[in-house]
Number of protein chains: 2
Amino acid sequence: MNYNTTEINRQLRKSGFRVTPQRQLILDAVYKLGEHVTPEAVYDYVHRIAPTLSRATVYRVLHFLTEQRILAMVYMADGHLAYEMAGAEPHHHLVCRTCDSLFELPHSVLRSFRQTMDTQYDFEIDVSHLSFFGHCTDCRDSTGA
Amino acid sequence: MNYNTTEINRQLRKSGFRVTPQRQLILDAVYKLGEHVTPEAVYDYVHRIAPTLSRATVYRVLHFLTEQRILAMVYMADGHLAYEMAGAEPHHHLVCRTCDSLFELPHSVLRSFRQTMDTQYDFEIDVSHLSFFGHCTDCRDSTGA
DNA sequence: TTCCTTATTGCGAAAATTCCCAATAAGGCG
DNA sequence: CGCCTTATTGGGAATTTTCGCAATAAGGAA
Ligand SMILES: [Mn+2]
Ligand SMILES: [Mn+2]
Ligand SMILES: [Zn+2]
Ligand SMILES: [Zn+2]
């Protein structure tokens, strides 16, 4: 999979935003680094290539690209934010508060919930990457014992 | 509504934790300050009464009381964490990414979703206070126009 | 290609949050 | 009531994230 640079750039310009080398490099970093990429990992990556690119820009651009639905952000078990490409089929997380283990949830299980929000509240939930916290099979017993 | 101090203390001690004046004061602060209380607001409150109580302790105790299900934490529109008492009937949020407006969601709308997670994944989602981000009635049109 | 407008960046300071560790003090036990 | 174990705190440093603003440069128009 390779993201369509030309299409993304066109989209940004059409919305009045600018395509800067910083934005392109940061997006590329997230793409190359894979899933659940932290701002610090992005900074390390881009810093080698563009040593003057500042941390502030990394944070700003990650936030910006998320607003543009080009990236998806996700809360990890430690409460920190991570990012990844927002393409294709999203997936979600079940995060155990006790053992920190992480289970992936297919997008399909959210369909009916989204639909309910849509029809009953006229609210379109952004489902690019959700995290639900709770307790997994192994840990849910030990709590109530 | 008044929370049961005696019962909470007993519960904590039974689990091997200690009931400290700091923990009691911080819990009291959240209770008195109401919904969506930020760590800084808690610090300001307790600092007047106990000037040596440190910020680190505020963060630690808020986190701790959340683990103990005495408090509930919630992500606000600005991405920051807030806390509130975890008692009785929970409610949830629909937060618009465009206009930052916040709609309250009754607990009931999550029932079927929780049940699905429970039966299909044997995962007990903690529903003390969830936030769903997306786009509200007014803002969802302007996006696709 | 050059010019202009203004979106975006870099940098340093500020703010928010976490970490570390020696000092403190709960609370169980005798 | 004292003693001991060890959970918890205070305080400051470290880390993470945000802010403010002057300098820069994207890109539309001429
Ligand atoms: Mn994921
Ligand atoms: Mn709320
Ligand atoms: Zn678990
Ligand atoms: Zn809105």
Side-chain angles (χ1 to χ4, degrees), chain A residues 5-6 8-27 29 36-68 70-71 73-83 100, chain B residues 5-6 8-27 29 36-68 70-71 73-83 100:
Chain A
T5 309
T6 314
I8 288 178
N9 292 351
R10 201 172 54 76
Q11 193 64 40
L12 288 180
R13 292 199 180 98
K14 197 177 73 176
S15 305
F17 300 111
R18 293 176 183 178
V19 176
T20 67
Q22 290 91 338
R23 284 177 176 171
Q24 295 179 83
L25 184 54
I26 288 168
L27 178 55
H36 308 166
V37 183
T38 64
E40 192 59 21
V42 170
Y43 178 76
D44 288 345
Y45 181 100
V46 302
H47 187 257
R48 278 196 214 97
I49 301 169
T52 65
L53 204 165
S54 69
R55 274 195 172 76
T57 297
V58 170
Y59 282 96
R60 275 184 305 222
V61 168
L62 289 174
H63 191 79
F64 168 78
L65 292 175
T66 301
E67 273 182 333
Q68 302 308 311
I70 295 164
L71 295 182
M73 62 173 240
V74 52
Y75 286 104
M76 304 306 293
D78 62 4
H80 283 194
L81 270 180
Y83 296 84
D100 276 3
Chain B
T5 309
T6 315
I8 287 178
N9 293 352
R10 200 172 55 75
Q11 193 63 41
L12 288 180
R13 293 199 180 96
K14 197 177 75 176
S15 306
F17 300 111
R18 294 175 184 179
V19 176
T20 67
Q22 290 90 341
R23 283 177 177 170
Q24 295 178 83
L25 185 54
I26 289 168
L27 178 55
H36 308 169
V37 184
T38 64
E40 193 60 20
V42 171
Y43 178 76
D44 288 345
Y45 181 100
V46 302
H47 187 257
R48 279 197 213 95
I49 302 170
T52 65
L53 204 165
S54 69
R55 276 197 169 75
T57 297
V58 170
Y59 282 98
R60 272 184 308 221
V61 168
L62 288 174
H63 191 80
F64 168 78
L65 292 175
T66 301
E67 272 183 335
Q68 302 308 310
I70 294 164
L71 295 181
M73 62 174 239
V74 52
Y75 286 105
M76 303 306 293
D78 62 4
H80 285 194
L81 270 181
Y83 296 84
D100 276 3

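On a predicted model such as this, the values are computed, not experimentally measured, just so you know.
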**Asked** Choosing from C:dT8, D:dT9, C:dT17, which nucleotide comes nearest the side chain of B:Gln22?
**Response** D:dT9

**Item:** Close side-chain approach of B:Leu81 and B:Leu62, heavy atoms under 4.5 Å
**Value:** no

**Asked** If you look at every heavy atom in B:Asp78 and B:His80, which pair is closest and at what distance?
**Response** OD1-N, 2.8 Å

**d(CG, B:Asn9; P, C:dG28) in whole Å** = 12 Å

**Request:** Measure up the B:Tyr75 and A:Tyr75 rings against each other and bin them: parallel (under 30°), tilted (30 to 60°), perpendicular (over 60°).
**Result:** parallel

**Request:** Would you indicate which nucleotide in C:dG27, D:dT17, D:dG20 comes nearest to any side-chain atom of B:Val19?
**Result:** C:dG27

**Message:** Just the rounded figure in Å: distance from P of D:dT16 to CG of B:Leu81.
**Reply:** 17 Å

**Message:** At 4.0 Å (heavy atoms only), tell me whether A:Arg23 reaches a base, stays on the sugar-phosphate, or touches nothing.
**Reply:** sugar-phosphate

**Prompt:** Phosphate oxygens OP1/OP2 of C:dG27: is one of them under 4.0 Å from a side-chain N or O of B:Arg13?
**Reply:** yes

**Prompt:** To the nearest Å, how far apart are A:Leu25 CG and D:dA26 P?
**Reply:** 14 Å

**Asked** So does A:His63 have more than 12 non-hydrogen atoms from other groups sitting under 6.0 Å from NE2?
**Response** no

**Asked** Taking the side chain of A:Phe17 as its heavy atoms from C-beta onward, which of C:dG27, C:dT8, C:dC11 lies nearest to it?
**Response** C:dT8

**Request:** Looking only at side-chain atoms of A:Leu53, point me to the closest of D:dG11, C:dT17, C:dG10.
**Result:** C:dG10

**D:dT17 OP1/OP2 closer than 4.0 Å to side-chain N/O of A:Tyr59** = yes

**Message:** What's the closest nucleotide to the side chain of B:Ala56 if the choices are C:dT9, D:dG11, C:dG27?
**Reply:** D:dG11

**Request:** Could you work out which one of C:dT9, C:dC11, C:dG27 sits closest to the side chain of A:Thr52?
**Result:** C:dC11

**Item:** Nearest atoms (heavy-atom pairs only) where A:Ala82 meets A:Met76
**Value:** CB-CG, 3.9 Å

**Fill in**
Comparing B:Pro51 with B:Gly16, nearest DNA chain D nucleotide closer to 5' gives the residue B:Gly16

**Request:** Go through D:dA7, D:dG10, C:dG28 for me and flag the one nearest to the B:Arg18 side chain.
**Result:** D:dA7

**Asked** Given C:dT8, is OP1 or OP2 found less than 4.0 Å from the side-chain N or O atoms of A:Thr57?
**Response** no

**Complete:** B:Tyr75 atom OH is separated from D:dT17 atom C1', nearest whole Å, by 14 Å

**Message:** In whole Å, I'd like the distance from the CG atom of A:Asp44 to the P atom of D:dT15.
**Reply:** 13 Å

**Prompt:** Can you tell me how far C1' of D:dG27 sits from CG of A:Leu12, to the nearest Å?
**Reply:** 13 Å

**Request:** Quick one: label B:Thr20 by what it contacts on the DNA or RNA (base, sugar-phosphate, nothing), any heavy atom closer than 4.0 Å.
**Result:** sugar-phosphate

**Message:** From C-beta outward on B:Arg55, which listed nucleotide comes closest to its side chain: C:dT17, C:dG10, D:dG10?
**Reply:** C:dT17

**Request:** Whole angstrom is fine here: how far is it from CZ in A:Phe64 over to P in D:dT17?
**Result:** 20 Å

**Request:** Tell me which of B:Pro21 and B:His80 sits closer to the 5' end of DNA chain C, going by the nucleotide each one is nearest to.
**Result:** B:His80

**Prompt:** If only atom types and distance count, is the side chain of B:Arg23 paired as donor or acceptor with the main-chain N or O of B:Arg18 below 3.5 Å?
**Reply:** yes

**Item:** A:Lys14 NZ - D:dG28 P separation (whole Å)
**Value:** 13 Å

